[in-house]
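To keep things clear, I will list the structure first and then write my remarks on it.
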Amino acid sequence: MHPRQLLTQYQIEPKKSLGQNFLFDENVLAHIVEAAELQPFEPVLEIGPGLGSLTRLLAQTAASVTAVELDQRFLPILQTELAYFDNVRVIHGDILEQNLDALFDQPYKVVANVPYYITGAILRHLLSAKQKPTTVVMTVQKEVAERVTAVPPKMSLLAVSTQLYATPELITTIKAGAFWPRPDVDSAVLRLTLFPEPPLPFAEEKRFFTIVKAGFSQKRKQLKNNLRQLGYNQDEVTAVLQAAHVDGRRRAETLTLTEWLAIYQHL
């Protein structure tokens with residue numbers, strides 16, 4: 001059933017403030033599930049199931065689906081649409097407030113069509129958890145997918161923050177017409193394949209990102225000037241960058257992840 005018909009039946013109007021654009025193209029939905037490469041023994045976390053279109057496909061493939069939905073109005077729809085699946089658990093709440101370590105006690109994957117305005121926050125929440133997913137497949141704004149998969153000289157804080165944990169791939173683009181209501185921009189399916197072991201211990205990640213954020217703080221400034229915000233004098237910053245084999249005259253977006261890690265190690 002088209003999202004407009006289903007929402008009319010339940011007398012619900014989509015909320016633009018929550019980024020509610022419902023993907024209804026069956027071929028695209030199937031492509032998203034395929035990109036996750038789900039196995040019958042794997043649990044899945046779905047963020048924002050909405051009307052349950054993607055949830056149904058996930059339930060037919062995965063061992064179980066934990067779907068976290070913020071909008072209480074959709075709960076009766078999900079209850080009806082998913083009534084035939086005994087492997088789906090719907091949680092009413094904000095994904096950013098969920099303790100992922102408590103939700104899963106085994107490796108899991110994430111598959112979701114997420115609101116554009118909180119994509120970055122969701123990625124940070126997933127990637128900063130101790131119990132990280134093994135794979136994340138998300139439908140995001142095309143521009144965001146391009147930022148996450150960027151390479152020097154077009155790196156961003158989001159790219160570094162993601163690539164510390166995972167290899168990102170832009171799987172395919174999705175035209176705005178595949179959604180209702182139709183969004184203003186095209187979307188993309190982004191896949192993150194997480195590393196078995198991140199390059200930094202969990203306890204050191206916060207310090208690493210403090211350094212990277214300082215580097216990106218003023219885009220037009222050279223790296224050696226931005227890093228002084230951390231409390232080091234010019235000579236100390238110069239010595240660190242020389243030890244890391246990074247030219248201090250460069251700008252943050254030109255550095256590789258390896259170079260950021262070298263700077264962190266010498267600081």
Side-chain angles (χ1 to χ4, degrees), residues 2-3 14-38 44-58 61-62 65 67-70 95-96 108-128 132-195 216 253 256-257:
H2 191 280
K15 289 185 178 179
K16 191 172 183 179
S17 62
L18 294 179
Q20 291 177 345
N21 304 97
F22 302 98
L23 180 61
F24 63 88
D25 187 306
E26 293 292 338
N27 291 327
V28 176
L29 289 166
H31 198 171
I32 292 170
V33 176
E34 288 171 9
E37 299 178 345
L38 292 170
V44 173
L45 170 64
E46 185 186 8
I47 301 166
L51 306 181
S53 300
L54 180 60
T55 319
R56 286 194 298 272
L57 296 180
L58 293 172
T61 309
V65 181
V68 180
E69 176 55 57
L70 176 62
I95 185 59
L96 300 180
Y108 67 99
K109 292 182 175 179
V110 175
V111 185
N113 301 320
V114 299
Y116 295 155
Y117 73 101
I118 58 168
T119 300
I122 289 174
L123 285 174
R124 284 192 298 272
H125 187 58
L126 294 173
L127 298 178
S128 63
K132 295 177 175 59
T134 58
T135 303
V136 177
V137 176
M138 290 172 50
T139 302
V140 300
Q141 186 175 338
K142 182 182 176 183
E143 180 184 347
V144 172
E146 291 171 342
R147 286 174 56 207
V148 169
T149 56
V151 297
K154 295 183 178 181
M155 291 291 277
S156 64
L157 179 58
L158 181 59
V160 176
S161 302
T162 304
Q163 293 175 28
L164 178 69
Y165 304 104
T167 300
E169 303 170 81
L170 197 163
I171 301 299
T172 188
T173 56
I174 307 174
K175 293 297 184 182
F179 296 84
W180 187 88
R182 184 188 180 106
D184 296 328
V185 295
D186 289 341
S187 302
V189 178
L190 175 69
R191 179 169 63 198
L192 307 178
T193 304
L194 276 76
F195 305 130
F216 277 98
E253 61 264 28
T256 65
L257 177 60

Intermediate values then yes/no, side-chain contact (heavy atoms from CB on, under 4.5 Å), T193 and E169: CA-CA 8 Å; T193 304; E169 303 170 81; 4.0 Å; yes
Working for side-chain contact (heavy atoms from CB on, under 4.5 Å), residues V111 and L58: CA-CA 8 Å; V111 185; L58 293 172; 4.0 Å; yes
Test log, rule side-chain contact (heavy atoms from CB on, under 4.5 Å), inputs F24 and L51: CA-CA 10 Å; F24 63 88; L51 306 181; over 6 Å; no
Derivation of the side-chain contact (heavy atoms from CB on, under 4.5 Å) call for V160 and M155: CA-CA 7 Å; V160 176; M155 291 291 277; 3.8 Å; yes
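A distance-only check finds a donor-acceptor pair linking the side chain of K109 to the backbone of A36 [under 3.5 Å]. Using modelled atom types, one side-chain atom of N21 and one backbone atom of P181 make a donor-acceptor pair closer than 3.5 Å. Between the side chain of Q163 and the main chain of A150, a donor-acceptor pair closer than 3.5 Å is present. A donor-acceptor pair is defined here as one N or O able to donate and one able to accept, closer than 3.5 Å; such a pair exists between the side chain of E69 and the backbone of G50.
Atom NE2 of H31 is separated from atom CD1 of I171 by 7.0 Å, given to the nearest 0.5 angstrom. Between L192 atom CG and L127 atom CG the span is 6.5 Å, to the nearest 0.5 Å. Taken to the nearest 0.5 Å, the CG atom of L23 stands 4.0 Å off from the CG atom of L29. Expressed to the nearest 0.5 Å, how far OG1 of T167 lies from CZ of R191 amounts to 10.5 Å. Rounding to the nearest 0.5 angstrom, the gap separating the OG1 atom in T139 from the CG atom in L54 is 7.5 Å. Distance CD/Q141 to CG/L190: 12.5 Å, rounded to 0.5 Å.
Nearest approach of L57 to T61, heavy atoms of both residues: O-OG1, 3.2 Å. Contact between F195 and A166 at its shortest, heavy atoms only, is CE1-N, 3.4 Å. The two atoms that bring Y116 and V140 nearest to each other are CE2-C, 3.5 Å, heavy atoms only. Across G19 and Y117, no two heavy atoms sit closer than the pair N-CE2, 4.0 Å. When every heavy atom of A121 is checked against every heavy atom of L96, the shortest pair comes out as O-CD2, 3.6 Å. Of all heavy-atom pairs spanning P49 and T55, the tightest one is CB-OG1, 3.4 Å.
Residue M138 is tested with L123, I47, V189, I32 for a side-chain contact (heavy atoms from CB on, under 4.5 Å); the sole match is L123.
A heavy-atom distance below 4.5 Å is found between the side chains of L45 and L126. Here the side chains of T173 and D186 are not in contact, with every heavy-atom distance at 4.5 Å or above.
At most 12 heavy atoms of other shown residues, nucleotides or ligands fall within 6.0 angstrom of atom NZ in K142.
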